**Student:** 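The following block contains the structure, expressed as structure tokens.
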Amino acid sequence: MGIAERLRGVDGRGEFGVWLGRLDGKPVLRHHAERTHYSASTMKLPVAIAMMRLVETGELALDQAVTVHNDFASAAGGRFGVNPAEDEAPATWKHLGEQVTLGWLASEMITRSSNLATDLVLEQTGVDAANAVLAEYGSGASVIRRGIDDAGAQAAGISNLMSPADLAAVLVAVGNDKTPAGSYVRDLLAGNTWNGEIPALLPPGTRVEHKNGWDLRIRHDGGIVRPVDAPPFVLVVCTTSELPDAEAQQLIAEIAFEAWTHRHDLEAIR
């Protein structure tokens with residue numbers, strides 16, 4: 001079953017977006033790729049890029065000390081904290097009140113998808129810097145306006161949005177970045193420990209530089225797949241649906257596998 005057939009199989013059960021193409025940024029398949037979804041943790045990739053830009057200018061340093069805390073300025077005014085029950089990465093919480101390095105927090109943010117680590121990094125970069133990354137590469141429809149678990153902002157309608165096309169554009173930029181910062185971000189993505197979507201059905205050991213995200217009704221993944229026998233390709237799948245979470249993951253994994261089977265002639269998927 002091809003990608004189009006798989007998408008027809010879930011028609012009417014939610015919103016599904018796909019962008020597939022090479023690192024030249026030219027898509028070979030687009031399916032509602034401009035439609036935005038709640039970003040969930042995919043917003044952590046632009047945060048990491050914003051952090052590395054400030055590291056390059058000397059405004060931040062990967063070895064600088066950051067005190068771990070759980071009290072942040074809300075985009076709606078006031079303060080908020082991350083809900084520990086919804087953060088599936090426990091390591092950062094074990095350091096509350098202690099100092100860790102910014103680089104360690106960045107690793108927890110991407111490889112473990114820690115929400116607390118994300119808000120600590122975002123506090124260092126600023127929301128505007130992270131949003132500027134999306135504005136530079138994307139269409140303008142995707143935005144980062146608040147931290148993770150900012151309930152006051154969420155209640156006020158202040159949300160983070162991501163489209164498959166815009167996340168793909170960021171990944172294309174990262175994939176083509178020849179600087180040490182680009183290499184650093186790619187290695188973070190390759191170290192992602194949550195691999196139930198794009199990497200799930202690919203041959204073991206395949207390098208996949210990806211960032212996924214999930215929430216109620218949400219399951220996304222976007223990454224650069226690097227076969228050893230073919231040029232790399234970029235795939236982003238965003239789902240906001242009534243599918244059980246495991247089915248949404250399976251859908252993304254099957255789309256990635258179909259792309260993999262055409263890796264020598266990706267354009268044939270058109």
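Keep in mind it's a predicted model, so treat the numbers as computed, not measured. Count residues from 1 along the sequence.
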**Student:** Hey, could you give me the CG/CD distance between Asp71 and Glu123, rounded to the nearest 0.5 Å?
**Tutor:** 8.5 Å

**Student:** Between Val237 and Ile255, what is the shortest heavy-atom contact and its length?
**Tutor:**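 What the structure gives for the nearest pair is CG2-CG2, 4.1 Å.
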
**Student:** Grouping I, L, V, M, F, W and Y whenever their side-chain heavy atoms are under 4.5 Å apart, do Leu102 and Leu54 come out in a common cluster?
**Tutor:** yes

**Student:** Ser74 and Ala153: which non-hydrogen atoms are nearest, and at how many Å?
**Tutor:**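 Nearest heavy atoms, Ser74 then Ala153: OG-N, 3.8 Å.
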
**Student:** Give me the one residue out of Thr36, Asn160, Asn131, Asp166 that meets side chain to side chain donor-acceptor pair (under 3.5 Å) with Ser142.
**Tutor:**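 For Ser142, the side chain to side chain donor-acceptor pair (under 3.5 Å) check succeeds only for Asp166.
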
**Student:** Does Glu247 use its side chain to pair, donor to acceptor, with the backbone of Pro244 at less than 3.5 Å?
**Tutor:** no

**Student:** Any donor-acceptor pair under 3.5 Å linking the side chain of Trp194 with the backbone of Arg112?
**Tutor:**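 Yes; at least one donor-acceptor contact below 3.5 Å.
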
**Student:** Going by atom types only, do Ser39 and Lys44 share a side-chain donor-acceptor pair under 3.5 Å?
**Tutor:**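 Absent: no donor and acceptor within the cut-off.
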
**Student:** With a 4.5 Å cut-off on side-chain heavy-atom distances among I, L, V, M, F, W and Y, is there a chain of contacts connecting Val18 to Ile218?
**Tutor:**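 No, Val18 does not connect to Ile218 through the hydrophobic network.
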
**Student:** One thing to verify: whether Asp119 and Arg146 come together as a salt bridge, which I'm taking to mean a side-chain N less than 4.0 angstrom from a carboxylate O.
**Tutor:** no

**Student:** Tell me the closest heavy-atom pair linking Ala130 and Leu122, and the distance in Å.
**Tutor:**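 Closest approach of Ala130 to Leu122: CB-CD1, 4.0 Å.
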
**Student:** Which heavy atom of Ala248 sits nearest a heavy atom of Thr239, and at what distance?
**Tutor:**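 Between these two residues, the closest heavy atoms are CB-OG1, 4.0 Å.
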
**Student:** Hey, quick one: are Val172 and Ile198 part of the same hydrophobic cluster, counting side-chain heavy atoms closer than 4.5 Å, chains of contacts allowed?
**Tutor:** no

**Student:** Below 4.5 Å, heavy atoms only, C-beta onward: do Ile144 and Val127 meet side chain to side chain?
**Tutor:**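 Yes, close enough: below the 4.5 Å cut-off.
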
**Student:** How long is the gap from CG on Asp245 to CZ on Arg217, to the nearest 0.5 Å?
**Tutor:**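 If we round to the nearest 0.5 Å, Asp245:CG and Arg217:CZ are 12.0 Å apart.
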
**Student:** Can Gln99 and Thr67 be said to form a side-chain contact (heavy atoms from CB on, under 4.5 Å), step by step?
**Tutor:** CA-CA 4 Å; Gln99 290 189 329; Thr67 300; 3.5 Å; yes

**Student:** Can you tell if the side chain of Arg226 reaches within under 4.5 Å of the side chain of Leu23, non-hydrogen atoms only?
**Tutor:**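 Contact flag for Arg226/Leu23 side chains = yes.
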
**Student:** Between His220 and Thr240, what is the shortest heavy-atom contact and its length?
**Tutor:** CE1-OG1, 4.2 Å

**Student:** Which residue, Val185, Asp187, Thr179, forms the side chain to side chain contact (heavy atoms under 4.5 Å, CB included) with Ser183?
**Tutor:**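 In the set Val185, Asp187, Thr179, the residue that makes a side chain to side chain contact (heavy atoms under 4.5 Å, CB included) with Ser183 is Asp187.
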
**Student:** Thr125 side chain to Met51 main-chain N or O, any donor-acceptor pair under 3.5 Å?
**Tutor:**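 Absent.
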
**Student:** Hey, what do you get for CG (Leu120) to CD1 (Ile148), rounding to the nearest 0.5 Å?
**Tutor:** 12.0 Å

**Student:** Can you find a pair of side-chain heavy atoms, one from Ser41 and one from Thr118, that are under 4.5 Å apart?
**Tutor:**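 Not touching, per the 4.5 Å side-chain cut-off.
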
**Student:** Classify the side-chain pair Glu88/Trp214 by whether it contains a donor and acceptor separated by less than 3.5 Å.
**Tutor:**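 Side-chain D/A pair, Glu88 to Trp214: present.
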
**Student:** Would you call Glu56 and Arg53 a salt bridge, taking side-chain N to carboxylate O under 4.0 Å as the test?
**Tutor:**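 No.
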
**Student:** Are the side chain of Asp149 and the backbone N or O of Asn115 linked by a donor-acceptor pair below 3.5 Å?
**Tutor:** no

**Student:** Supply the atom-to-atom distance Ile110 CD1 to Tyr184 OH, rounded to the nearest 0.5 angstrom.
**Tutor:**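 If I round to the nearest 0.5 Å, the distance is 9.5 Å.
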
**Student:** Please determine, by modelled atom types, if His95 and Glu108 share a side-chain donor-acceptor pair under 3.5 angstrom.
**Tutor:** no

**Student:** Working to the nearest 0.5 Å, report the span between CG of Leu167 and CG of Leu45.
**Tutor:**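 Rounded to the nearest 0.5 Å, the CG-CG separation comes to 6.5 Å.
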
**Student:** For a quick test of reading the model, state the closest non-hydrogen atom pair linking Thr111 to Leu188 and the distance between them.
**Tutor:**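 The pair with the smallest heavy-atom distance is CG2-O, 3.5 Å.
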
**Student:** Test side-chain contact (heavy atoms from CB on, under 4.5 Å) on Glu267 and Arg22; report intermediate values, then the result.
**Tutor:** CA-CA 9 Å; Glu267 291 68 26; Arg22 299 284 188 193; 4.2 Å; yes

**Student:** Does a side-chain heavy-atom distance below 4.5 Å link Val68 with Trp93?
**Tutor:** no

**Student:** Check whether any side-chain heavy atom of Phe16 lies under 4.5 Å from a side-chain heavy atom of Leu251, and answer yes or no.
**Tutor:** yes

**Student:** State whether the side chain of Ser107 and the backbone N or O of Trp104 hold a donor-acceptor pair below 3.5 Å, judged by distance alone.
**Tutor:**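 No; zero donor-acceptor contacts below 3.5 Å.
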
**Student:** Salt bridge check: are Arg186 and Asp177 linked by an N-O gap of less than 4.0 Å?
**Tutor:**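 A salt bridge is absent here (no side-chain N lies under 4.0 Å from a carboxylate O).
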
**Student:** Side chains of Asp229 and His264, heavy atoms from C-beta outward: is any pair under 4.5 Å?
**Tutor:**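 With C-beta onward as the side chain, the pair touches.
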
**Student:** Would you check if Phe233 and Val28 make a side-chain contact, meaning some heavy-atom pair closer than 4.5 Å?
**Tutor:**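 No, side chains not in contact.
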
**Student:** Should Val170 and Val143 be counted in the same cluster of Ile, Leu, Val, Met, Phe, Trp and Tyr side chains packed under 4.5 Å apart?
**Tutor:** no

**Student:** Please evaluate residues Leu161 and Arg145 with respect to the criterion side-chain contact (heavy atoms from CB on, under 4.5 Å), reporting the C-alpha separation (whole Å), side-chain torsions for both, the decisive distance (0.1 Å), and the verdict.
**Tutor:** CA-CA 9 Å; Leu161 303 175; Arg145 302 174 65 198; over 6 Å; no

**Student:** Side-chain contact test, heavy atoms from C-beta onward, threshold under 4.5 Å: evaluate it for His37 versus Glu15 and give yes or no.
**Tutor:**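 Result yes, sub-4.5 Å side-chain heavy-atom pair found.
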
**Student:** Do the side chains of Val208 and Ile3 join up, straight or via other hydrophobic residues, at under 4.5 Å, putting them in one cluster?
**Tutor:** yes

**Student:** For side-chain contact (heavy atoms from CB on, under 4.5 Å), just list the numbers for Met162 and Leu134, CA-CA rounded to whole Å, side-chain angles, deciding distance to a tenth of an Å, and then say yes or no.
**Tutor:** CA-CA 9 Å; Met162 187 73 73; Leu134 277 179; 3.8 Å; yes

**Student:** Nearest 0.5 Å, what's the NE2-SG distance between His32 and Cys238?
**Tutor:** 13.0 Å

**Student:** Just by distance, do the side chain of Asp215 and the backbone of Ala40 share a donor-acceptor pair under 3.5 Å?
**Tutor:** no

